[in-house]
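Heads up, the thing below is written out as structure tokens.
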Amino acid sequence: MIRPDFGRMPRMMILAILVACVPMGCQSTLTIEDPIATLHAPGQSPRFYKEAMRQLDVDPTNDAYLKVLKRIMWYPGFTVDMRQSAFDRLVEHDLDGLKVTIRRYLPRLTAWLWLNRLCDNIAQYEWIDLTPALVSSWARPSMSVDHESERPESRALTKMYGADKLPDVVFDLFVESRRVSDQGLRTRCWVLLHRLGYRDRLVAFVEAGEFVEDDFFLQDLHTAAIEMGIVPRNREEILWIRKLCKPEYAEFRSTCRQAIEATNVHRREDLELRDLP
């Protein structure tokens, strides 16, 4: 076998020989036969996802493509970078659909790194209309931070409103969320305000009763405060109180009121809903 004498060859010729010796397989491009199916399968190498997106970017508004991009936003098994790639494409081609997805899944998102990035994205774009989603997510307890101000939802709201406005933002959202479909959000606002240390403000508001008559959520809390001397602290107590405020429990509430009035003033301050029976 004749071996080339590299010592006597020009540099460019040596480079040409080396390139020719590279196996053809190393120069082949990645082939994705079904890019939609590839994006549906979590846990694969990012290079497969990137190539699938590159192929599908030819028709970026394709319904199937937009649907799978929204799925990547929340489904387990995708890296933060891949979720961000999906986010960026949705911002450009389906902003309304992206916001619907965020409203639906942000309050239950458990991928902590992506939750941080997504909240930063919301703040960067100043999407005030996603405030309910941020508050709902923030209402969930978390062991990942030492202080509430370190929560990604809190940071995002602070950037959009200012730190001094956060209590009012959550309180106003609680008061204004009057639709039946918003009762879950309202309860989460209530729980969050308690956790942030604003129970006194909530108690004073409920006891004053200065709200519209058809706001049955607040009316029930007012009834419980006046007739039973109880203002709930959590979701379970709110549900219990709303049940007790139905007309069929009027006699029970009356009995509770008489018992509470006969109770020592200092003892009343420690009463909980579970003490009433």
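Bear in mind the structure is a predicted one, so any value in this text is a computation, not a measurement. Keep in mind that the numbers below use all heavy atoms, side chains included, and drop hydrogens, waters and symmetry copies.
- For the pair Lys50 and Asp81, the salt-bridge criterion is not met [side-chain N within less than 4.0 Å of a carboxylate O].
- For the pair Arg103 (side chain) and Leu130 (backbone), a donor-acceptor distance under 3.5 Å is absent.
- Between the side chain of Asp57 and the backbone N or O of Pro60 there is no donor-acceptor pair closer than 3.5 Å.
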Q.
Before you tell me yes or no, could you show the steps for Trp190 and Asn234 under side-chain contact (heavy atoms from CB on, under 4.5 Å), namely the whole-Å CA-CA distance, both residues' side-chain angles and the distance that decides it to 0.1 Å?
A. CA-CA 7 Å; Trp190 180 273; Asn234 52 45; over 6 Å; no
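- For the 3.5 Å distance criterion, the side chains of Glu153 and Ser137 qualify, holding a donor opposite an acceptor.
- For the pair Arg155 (side chain) and Asp120 (backbone), a donor-acceptor distance under 3.5 Å is absent.
- At a cut-off of 3.5 Å, with distance as the only test, no side-chain donor of Asp168 or Tyr161 sits close to an acceptor on the other residue.
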Q | Leu66 vs His93, side-chain contact (heavy atoms from CB on, under 4.5 Å): CA-CA, chis, key distance, verdict | A | CA-CA 8 Å; Leu66 295 175; His93 301 296; 4.2 Å; yes
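- For Tyr198, the OH atom sits in a loose shell: 12 or fewer heavy atoms of surrounding residues, nucleotides or ligands are nearer than 6.0 Å.
- One distance of note links OG of Ser45 with CD of Glu51; it measures 11.5 Å at 0.5 Å rounding.
- A salt bridge links Arg253 with Glu227: the distance from a Lys NZ or Arg NE/NH1/NH2 to an Asp or Glu carboxylate oxygen falls below 4.0 Å.
- Side-chain atoms of Thr187 and Arg235 include no donor-acceptor pair closer than 3.5 Å.
- Between the side chain of Glu126 and the backbone N or O of Ile122, no donor-acceptor pair lies under 3.5 Å.
- Ring-plane geometry between Trp114 and Phe87 is classed as perpendicular, the angle between the planes exceeding 60 degrees on a 0 to 90 degree scale with a lower cut at 30.
- Separation of atoms CG (Leu56) and CD1 (Ile32) is listed at 10.0 Å; rounding is to 0.5 Å.
- Using a 4.5 Å heavy-atom cutoff, the side chains of Lys70 and Leu98 are not in contact.
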(Q) Quick one, Met53 with Leu69, criterion side-chain contact (heavy atoms from CB on, under 4.5 Å). Give me CA distance, side-chain angles, the key distance, then yes/no. (A) CA-CA 9 Å; Met53 286 185 177; Leu69 289 177; 3.8 Å; yes
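- With hydrogens and angles disregarded, a donor-acceptor distance shorter than 3.5 Å links the side chain of His222 to the backbone of Val206.
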Q: Walk me through it: do Cys189 and Val135 pass the test side-chain contact (heavy atoms from CB on, under 4.5 Å)?
A: CA-CA 7 Å; Cys189 290; Val135 171; 3.8 Å; yes
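- The closest donor-acceptor contact from the side chain of Asp94 to the backbone of Gly97 lies under 3.5 Å.
- For the pair Arg201 and Phe171, the cation-pi test (distance below 6.0 Å, angle within 45°) is passed.
- For Arg199 (side chain) and Arg195 (main-chain N/O), no donor-acceptor pair under 3.5 Å exists by modelled atom type.
- The neighbour count for Tyr75 OH, taken as heavy atoms of other residues, nucleotides or ligands under 6.0 Å away, does not exceed 12.
- A salt bridge between Glu92 and Arg89 is absent, with no side-chain N of the basic residue lying under 4.0 Å from a carboxylate O of the acidic one.
- Looking at Asp88 and Gln84, their side chains do bring a donor and an acceptor atom within 3.5 Å of each other.
- Hydrophobic clustering (side-chain heavy atoms under 4.5 Å, transitive across Ile, Leu, Val, Met, Phe, Trp, Tyr) groups Ile238 together with Tyr249.
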**Q.** Criterion salt bridge (charged side-chain N to carboxylate O under 4.0 Å, His left out) on Arg186 and Asp215, from CA distance to verdict
**A.** CA-CA 12 Å; Arg186 209 171 206 185; Asp215 192 333; 2.7 Å; yes
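- Leu95 places a side-chain heavy atom less than 4.5 Å from the side chain of Trp127.
- Enclosure of atom NZ in Lys67 is not indicated, since only 12 or fewer non-hydrogen atoms of other residues, nucleotides or ligands lie within 6.0 angstrom.
- Below 30°, between 30° and 60°, or above 60°: for Phe217 and Phe174 the angle between ring planes is above 60°, a perpendicular geometry.
- Thr223 contributes a side-chain N or O that, together with a main-chain N or O of Gln219, makes up a donor-acceptor pair within less than 3.5 Å.
- Between Lys246 and Asp220 there is no salt bridge, since no side-chain nitrogen of the basic residue lies less than 4.0 Å from a carboxylate oxygen of the acidic one.
- Side-chain atoms of Tyr49 and Thr79 form no donor-acceptor pair, as typed in the model, at a separation below 3.5 Å.
- Remark: Glu251 CD is loosely packed, at most 12 non-hydrogen atoms of other residues, nucleotides or ligands lying under 6.0 Å away.
- In this structure, Leu39 and Tyr65 have side chains that are in contact, with non-hydrogen atoms separated by less than 4.5 Å.
- Checking each of Val170, Ile102, Leu118, Leu106 against Leu134 for a side chain to side chain contact (heavy atoms under 4.5 Å, CB included) leaves exactly one that passes, namely Leu106.
- Here the side chain of Arg83 pairs a donor or acceptor atom with the backbone of Ile72 at under 3.5 angstrom.
- No donor-acceptor pair under 3.5 Å is formed between the side chain of Ser254 and the backbone N or O of Ala250.
- For the atom pair CG (Asp214) and CZ (Arg178), the distance works out to 4.5 Å, reported to the nearest 0.5 Å.
- Taking CG of Leu109 as the reference point, atom CG of Leu115 lies at 5.5 Å (rounded to 0.5 Å).
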